[in-house]
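Given the structure is predicted, the values throughout are model-derived calculations rather than measurements.
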Amino acid sequence: ASFLMPDNSFLSLSLCSIRFLSTSATADFYEGNYDKALEIVKKADKIIIKKDSEEYAEILTYQGSFHSSLGNYDLS
């Protein structure tokens, strides 16, 4: 794809960042910090480039779960 560096370095950095943010969001979620978890996942959504990837599906799943936990059923 044209958005990748020749050595895929950008993709690797992006995926590592997304996985780190997802892990942080999950920890906050299980501690009951739903607002904070949602904000973290929104950051991951902003940095992901490949919107047809497993990682993006994971981000959307987290967003839905966190919105549901906050009572934002129309956004989940």
Side-chain angles (χ1 to χ4, degrees):
S2 61
F3 59 84
L4 297 176
M5 300 294 287
D7 64 348
N8 290 335
S9 60
F10 184 77
L11 177 64
S12 296
L13 175 62
S14 178
L15 291 178
C16 288
S17 298
I18 290 164
R19 288 188 179 122
F20 173 77
L21 289 172
S22 295
T23 301
S24 298
T26 302
D28 280 316
F29 176 79
Y30 284 113
E31 291 176 1
N33 301 320
Y34 305 127
D35 287 321
K36 186 174 178 185
L38 184 58
E39 287 304 312
I40 292 170
V41 172
K42 285 180 180 179
K43 288 179 188 176
D45 190 8
K46 288 180 183 178
I47 66 169
I48 195 163
I49 293 172
K50 212 171 170 193
K51 301 292 185 185
D52 63 344
S53 65
E54 233 177 84
E55 291 78 18
Y56 189 59
E58 183 178 331
I59 289 169
L60 294 178
T61 300
Y62 283 135
Q63 282 188 35
S65 295
F66 299 164
H67 275 297
S68 180
S69 296
L70 289 165
N72 302 330
Y73 303 114
D74 58 324
L75 298 174
S76 60

How long is the span from the OG atom in Ser24 to the CD atom in Glu39, to the nearest 0.5 Å? 14.0 Å
Are any of the side-chain heavy atoms of Lys51 and Asp45 separated by less than 4.5 Å? yes
Minimum heavy-atom separation for Ser76 to Gly64, with atom names? CB-O, 3.1 Å
How about Ser53 and Ile48: do any of their side-chain heavy atoms sit closer than 4.5 Å? yes
Check: Ile47 and Leu21 side chains under 4.5 Å, non-hydrogen atoms: yes
Under the criterion side chain to side chain contact (heavy atoms under 4.5 Å, CB included), which of Asn33, Asp28, Thr23, Asp35 is the partner of Ile40? Asp28
Counting only N and O atoms by type, is there a donor-acceptor contact under 3.5 Å from the side chain of Thr26 to the main-chain atoms of Ser22? yes
Indicate, with yes or no, if Leu75 and Leu70 share a hydrophobic cluster defined by side-chain heavy-atom contacts under 4.5 Å among Ile, Leu, Val, Met, Phe, Trp and Tyr. no
Applying side chain to side chain contact (heavy atoms under 4.5 Å, CB included), run through Lys42 and Leu38 and close with a yes or a no. CA-CA 6 Å; Lys42 285 180 180 179; Leu38 184 58; 3.9 Å; yes
In Tyr34, Phe29, Tyr73, the residue satisfying ring-ring contact (aromatic ring centres under 6.0 Å, His included) with Phe66 is Phe29
Between OH of Tyr62 and NE2 of His67, what distance do you get to the nearest 0.5 Å? 15.0 Å
Compare every heavy atom of Ala25 with every heavy atom of Ala37, then report the nearest pair and how far apart it is. CB-O, 3.3 Å
